[in-house]
Each structure stands twice: as C-alpha cells, then as structure tokens.
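Structure first, then comments.
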Amino acid sequence: MARVLGTSIKRREDPALITGRGKYTDDLKAEGMAHAAIVRSPYAHARIRGIDTSAAEALPGVLAVLTARDVAAAGIPGVVPVGWLLPDLVTPAHPMIAADTVRHVGDAVAVVVAEDRYLARDAADRVAVDYEPLDAVADVVAALEDGAPAVHEEAPGNVAFDWEIGERESVDAAFASAAHTVELDLRNNRLIPHAIEPRAVLASYDSSTGEMTIHMTSQNPHVHRLLMTLASLGMPEHKVRIVAPEVGGGFGSKIHHYADEAIVGLCSMKLDRPVKWTATRTETNLTDAHGRDHSTHCAMALDADGRITGLRVDTAAAMGAYLSTFAPAVPTYLYGTLLSGQYDIPAIHCHVTGVFTHTAPVDAYRGAGRPEATYVVERLMHLAGDATGLGPVEVRRRNFVSPDAFPYQTQVALAYDSGNYGPAMDRALEMIGYDDLKSEQASRRDNGGKQIGIGFSSYIEACGLAPSAVVGSLGAQAGQWESADVRVHPTASVTVYTGSSSHGQGHETTFSQIVADKLGIAPEAVEVIHGDTDLVQFGMGTYGSRSAAVGGSAIVKSVEKIIEKGKKIAAHLLEASAEDLEYEDGNFRVAGSPDRSLGLGDVALQAYLAHNYPDDLEPGLSATSFYDPANFTYPFGTHVCVVEVDTETGSIELLRYAAVDDVGNVINPMIVDGQLHGGLAQGIGQALWENAVYDESGQLVSGSLMDYAVPKIHNLIPFELDRTTTPCPHNPLGVKGVGEAGAIASPAAVVNAVVDALAPFGISHIDMPLTPEKVWRAVNS
Amino acid sequence: MTVSIQLEVNGKPVQAAVEPRRLLVHFLREDLGLTGANIGCETSLCGACTVLLDGNAVKSCTMLAAQADGASVTTIEGLAQNGELHPLQEGFWEKHGLQCGYCTPGMILSANYLLAQNPSPNDEEIREGLKGNICRCTGYHNIVEAVKYAAERMS
C-alpha cells in the first residue's frame, strides 16, 4: 500500500471550517445561558478604596455582580497559580479578582452576569470603583532601578528570580585573551500574541451532580483543569470537564491559566446556570500573556582565526504583574540553554533576572525563549562577521558544530542529539543566489539610492517540551510527557485519544497518517479525539513544537503494543509461535509461510469476541502509552532575508526570504510548510512592525489592532522554502517539530539584512521593530 | 425598544425585531444561528466577520442589524450551492489556505468580492484586495495560492 507518512494529504479538519460549521467557544449556546462582563482596572497600579455595585445590580436583567469579597465568601482558594517553579522563585499571590490592589491595566476587579451580552456590558459600566492611583513601572529596566515602584512587597527590587547557567570564570578568561570582541545592548520587543479568536469560556455548573463542564479556548485542557480546580475553584478534579472545541489560534496565549476563566466558573457555580464570557480584542490584549520583553547586554569573544572562544549574556526579562503559568521557564530553561546556537562555543555564561512590572504577564509566545536566544546569538554572529573580516557566511561556517561531533554537549546543559549544519547553509546560499546579490549590493553602494541588505540566521531550537529528566536535572519543578490511547475496534477501524490538543495545526490529519502508516490501514479508518478531559485520560497539550515528537511518539508506542498483542492472538489462531509472526500492510503473517496470515480485522474481531483466545491474554485490542522523551529534539536551519532600504525615508521592503529548515522526518509536508509560513510571518512581524508599548504610567498604548501592527497580506511576500533531513535519533518517528522554527529564526535574519544594507552608514544595530522612523533616525544621526 | 427589519439571508427571507443597537454580526450569529462569521476585533480591522451585503464585502461587526434592513446578506453558510463547495472553498482546502479557520469565512467572502471585481487577479492584486482581512496562522502564502486556484477554476 502507498506510503502515507511524508504525503501531503488534505486536511480532514477543513470541510467544517470552510463552510462555517466549525464550532468555536463563542459559537456555543447552552440552555439558560447567561453572559458575563468583567470590570477591569483602568490603572496600572492603584489601591481599591471601595466598589459600589448597586447601580449595576439595579439594572433589570442583571443576575449577579461579584467582587473579591464574593471569592473570599465562596471559601475557594481563589488564586491563579504559577505552574513552573525555579529555585528561589518569589511567588506573590495572584488573586482571581483583585481585593485591595490592582497591578496592571486590565486586572479584574469585578464581574457582572446578565441575561444578555449587551446588558452585561451596560451593567459593567455602572460598577463604580474608587481607586487611589499609585506610581507604576512598566519598563523592565526602569523596574530594576533604585526607588522604582514595587509591584509586590514580597519581591524587593521587583526581582522575581535570579538565574544563571554556564561558567562565568571561563568566559572572563576567554574575553581576557580574545583577538576580537563584539558586544551589543539590545531590546527584544514585547509582543501580543493576537490569536484572531479572543479568549472565551462557557462554564456550565450543575448543582444536582456537583459537576461543571467548561468549554474554553485552550491549548491544554488537562493543564487548565488541574490549575483551575487545584488553585482557583477548589473543586475536585474529577468533577470538572474541560473541552476545547475549535480553537482559533493560540501561539502560546491559550496555554496559560487566566483569572477570567476561573471567574466565569465561579459565576456559574454561584448562579447554577451556564455562563459565557468572550473577551473583546482590547480585553484579550490587556490580559493575554504577552511575549518576549527582554533587555540584554551580550558580548562574544573570538580568536584570531575567527573561532568563538566565549559568550556572555546578561538579560532582564519582564514577568509582568504576576507570574503566569510557564513564565519562569521561558527566559531560563528555554533561553539560557539555547545560547550555543549552531556553534561550538567553549565558554558560555548567562545571567537572567526575572522582573515584575505593572503590565500584563509575560509567558510563552511562539518560540518562547528560543527566538530571544537566537536573536542574541545571530545578531552577535553578524557583528563577528564584520569584526573578523570573515563576513556572515564564513564566520558561521567556521564555528558550526562539526557533523561528526554529535552528540554534542554544549556549555549550557543541552546535549544536541544530531545535526548537520553546513548543507542547510549551502542550500540557502544557492537558493538566494548569494554571489549575484553581493554584486548587486556593491553596485548599489557605489551608485547610492536604495540599498539592499542580506541577512542570515542560522538557528537551533529545542523542541518537544519538556523531557522530564533533562529539565529536572536543571532544577525545574516540572517535566512533560504525552499520552496516547489507541483503540482498535472490532471492525478494524481505530480511534486515537491524544493529550495533544490541536488549535489549527491539523493534528487529526497528521496523527491519522501516523496510525495509518504503522498499521497499514487507510487514514480514513482512523479517528483522532483530542481536547476533552472526559475522553482523554490526561495530556499535556500543544506548545513547544511538541505534538509530533512527543504526542506522535506516544501514539507509535501504543500502536506497537497493539501489534505485539495482535501477534499473540494471531499466533494462537494460526497455531504458530508469536515470535514467528510479522506484521505488514495490515496483515499478521507467519514468517516464511505467506499463505498463513490473518488481517487486522480478523484479529481485532477475535480480540473482542474472545471465543477462541489465548489463555494468558485479556480480551480487547487497545493500548495506552505515556511517552516521556529522552531529550529535546533539535531542529535547525539557515534563513536568508533580502531587503531594500530607502535611506531617504527609512522604509524597508522585503525582497526575498529563503528558509532551509531541518525538522527531521516530515509527516505531512503541506502542513509543515504551513507551520513555517505562519512562524515566519510572526517573526518578520516582530522585526518590522509589532510592538506592545506601555507608556510611563503603565497604559497599553498599542492595545488594539488600530495601533498594534499585525502583519497584513500586502506587507508580506511569498516565502521560498526547502529542507534538509536529519532524523531525530531518539524518537520512533525521527521527527523534531516545526511550529516555532519560523518565528525563532526570522527576526535575526531580517534585522541582520537591514543592518547589512545600512553598513555604509556605520550602523551596527537598531532595536526591533525596525520602523521607518527608527531607520531614518539611525541614518541621519 | 426594537425596530423591525426584513432582509434576505443566504437566499431566504428573514423578518425580525431587533434592538436598534444590535450589531449585524450578533444578529447573524446569535439570532439566526449563523456562526460562520466570527468576531476578532470589533473595530473593522481583522475582517473575520466579513459577509456579503448586496454583493459587497462588509464587516458585520461595525454595522447595525437595522442598517441591513432590505438588504441581501450572504454568509459563509450560503456560499456552497447544492452541496457543491464554492471554488474558493475548494481552493482554501486544496492549497492549505487555512489553519485554525477562524479568519477563513471572512477571508473567503472578501476573496469572493475580489474575484467578482477582478476575475483573474495577479499576486499583487490578490494581496491588495485582501488587505482588510488578517490571518495570524498562514503567513498568507497559501491564501494567495488558494485564491489563484479558485480564479482558475472559475474562469
């Protein structure tokens, strides 16, 4: 039968979505459903002197107005916890509803429930909150200055944690004897995820059973259930069912447990009615965890031959007002550990300070730590190419980890399992026509006018979040595996229950291809169920480019168990020894006797009928597996961006973007390319347009699509993609993960290209986003 | 207070009494159960709520239901005819022009308007024509391919 792995099968998810029949959370209705609207702080920092809810309550159709007092009266834990602990992490409480102090614009202070969506908003506007405004600090550097307003009393100096990795002394020694050094102060701009579907929840409590069903915009329903029940609502975990229906994008923002979803759950419990809440765009932008927001000083030492001898990185990473679900892991385990890039660097030291600010929390956003690390390394490599005179290509080649050096132990804990970096660079140069571009650049430099620049980014990422043993050895108080329950039905069709929950990635299509390939059946015979805590026993969800590598591997493990059991049943039926049986193309065969075989259907039927069955086997043909990866996977590649810069106006035009990625074996090339396209758009968006700006008083200035520039179709260009294939050696599919690669690689490629174009002006760095104004100012200063 | 409206939605006559402030998108989604048009920004910027109003692509999140009185509205639910997908729907499926699907109904209806104005647009014209619709998943690469596919099928 034709291979299904590596084939661009059209997505089974699409028919519902292209006809408007897909059901997202806000599309759902429940009998007796009421609507919630949340009253939010307009101040970044203020004391609440009092809340008057009477005018809201007086409005006909208003069912309830709840404040922190009602949370306390409910006798529930009432907090939003951080789910990933570092050693010595300061963990101030994050109340579901602020009681006496608000700490960012958008902090919840009350909730109104009414019969109708419009009425709920009307009533929310009638809740009068008496605030005493306090000084606020929104900027990550300003928050560390002496005398900065304190976000939490428990965190002196606004420090949430102090974390380091690598050896400071060996790095100091490398710098002391360096032939060349380059250094950079950079900001990694704060981003707002902007899933086009805002966060939403429909909570339905049933007092007759004490059970609550919550439909919500979730990338990981089981993680949400755990945090929601344990820390927020205090309900028994088994009494809560969380379902993620169609989810309209996430990019990290729908991993985290937020106050709002818990507040709506409380409303449903109080009223014993279903309650729905859907964020407006501004609400979701004020409260979704943001991404990035680093201030970094970094420096690289090289010897006379242009080989890197040391790397020093010091980063202040904004955490926002409260520690979000995975927040402490992002600028530490997913950042400091990635700083060796594709290079053999003998000495690395990284120090990170986690900083509280009066802003929305910062947590994982597409790439989560790895784009920030790549940006540091690849910006320095660009400068190193200039300082050594080797140029951007040769300085990278000279420092690539050699293909025969794998597994390669970095100086920042990670051990790269595999890699072959040269061919991706070769292919990228070939695709882009590097030599011709260099000639074109030279002639433009001679003639003046619009300048062109060529920027490289040779990135590495660590995917498959997060091998428990690896992160455990670094002190993390968490680790992550994935589960898969594969059930073969009596008629040989199959249902897969996976803990990996899709929100646009096409899991149903991809996972059906895995099972179809391993069992030798048609993909159409495989159903994939995800995103429901009552159907799936436990799962970690979808983020960190983990679904294929971890979730897919769990499925393979279960299929292998099914084949082993099937062999025993077939051996019994065929009066052969199980050791002599082979499984191929949907048939159990006795080796060497091709006429003695049974189809999967024959064996599956007998497994359930159990009329003629081995004595030592239980009936049924299903298997459950929990797969905890041995290591991260390490996708890599080289991206090349070509830009044209108008030095008169500062405007930048993207001319070409070529990406050569090695994501290991590919299950569905169409879906993999689509993931790369989307990641590239977000990374290019970060480099050129996107910026979450807070003013000095802590107001989010770019809180809507009027002023936060998500890339539009006419801003972008067609992407030129190719692949090399170095399979992951430690998972059964040889896959690595692709969801974040584009967003990780591209910011550095774009900025390097612009800086390259402006080299004749003596410009070596401009902070993202590279707006025409900033470029113009740099050219004219 | 309510106002009476009469309009045609996906070819069928509809009569209703709505609050004057009721947005067209809420009328379609909540009163008529046509949840294909999605709300992404409430400010006319993302285009997820796009529907056709007398053949024009409009953003139903910033239009009152009362303003649609007497109009003919087509939503994504009304695009397939006799069980046959519209070429644009086929194109988005065939070319992987969607991932999470949230922007897709609006994107398809805007593309429908574009092709009605310009049946064989080049890449640049497609990108110009769809700049009122934001997709955060696809990077737009395959959306351009999907629209080209549909244009060819329809020519």
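All of these numbers come straight from a predicted model, not from anything done at the bench. Here is how names work: the chains are called A, B, and so on, in the same order as the sequence lines, proteins then strands, and each is numbered from 1.
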| field | Proximity breakdown for A:Asn715 and chain B, heavy-atom pairs closer than 4.5 Å | value | neither
| query | Has the side chain of B:His141 got a donor or acceptor atom that lies under 3.5 Å from a matching backbone atom of A:Phe719? | reply | yes
| For A:Pro15, does its backbone N or O pair with a side-chain atom of B:Trp93 as donor and acceptor, under 3.5 Å? | no
| Exercise: identify the closest heavy-atom pair between A:Pro198 and B:Tyr102 | CD-OH, 3.9 Å
| Can you name the nearest heavy-atom pair linking B:Arg136 to A:Ile192, along with the distance? | NH2-O, 3.4 Å
| message | Main chain of B:Gly40, side chain of A:Arg281: is a donor-acceptor contact present, judged purely on distance under 3.5 Å? | response | yes
| task | Please assess A:Asp26 against B:Arg29 for the test side-chain contact (heavy atoms from CB on, under 4.5 Å), listing each intermediate value before the final yes or no. | result | CA-CA 9 Å; A:Asp26 190 61; B:Arg29 288 174 51 78; 2.8 Å; yes
| message | Please identify, among B:Leu98, B:Ile108, B:Ile134, the residue contributing the most non-hydrogen atom pairs under 4.5 Å to chain A. | response | B:Leu98
| message | Please classify the contact between A:Ala279 and chain B as side chain, backbone, both or neither, with a heavy-atom cut-off of under 4.5 Å. | response | backbone
| Proximity breakdown for A:Glu13 and chain B, heavy-atom pairs closer than 4.5 Å | neither
| Test item: side-chain donor near acceptor, A:His677 and B:Tyr140, under 3.5 Å | no
| task | List the steps, then state whether salt bridge (charged side-chain N to carboxylate O under 4.0 Å, His left out) holds for A:Arg117 with B:Glu30. | result | CA-CA 10 Å; A:Arg117 191 194 291 267; B:Glu30 296 180 1; 2.4 Å; yes
| task | With chain A as the partner chain, list the residues of residues 45-74 of chain B whose heavy atoms fall under 4.5 Å from it, by residue number, and write 'none' if nothing qualifies. | result | B:Leu45, B:Cys46, B:Ala48
| Does B:Arg127 reach the main-chain N or O of A:Ile713 with its side chain, forming a donor-acceptor pair under 3.5 Å? | yes
| said: Report which part of A:Ile671 has an atom under 4.5 Å of a heavy atom belonging to chain B: side chain, backbone, both, or neither. | reply: both
| field | Portion of A:Tyr24 that has a non-hydrogen atom of chain B nearer than 4.5 angstrom | value | side chain
| remark: In terms of heavy-atom contacts, A:Gly504 and B:Gln99 come closest through O-CB, 3.3 Å
| Heavy-atom contact with chain B under 4.5 Å, split by part of A:His194 | both
| request: Return the option, out of A:Gly678, A:Ala681, A:Ser502, with the maximum number of heavy-atom pairs under 4.5 Å with chain B. | output: A:Gly678
| remark: Turns out that what part of B:Leu34 lies under 4.5 Å from chain A's heavy atoms comes down to neither
| message | Please classify the contact between A:Leu680 and chain B as side chain, backbone, both or neither, with a heavy-atom cut-off of under 4.5 Å. | response | neither
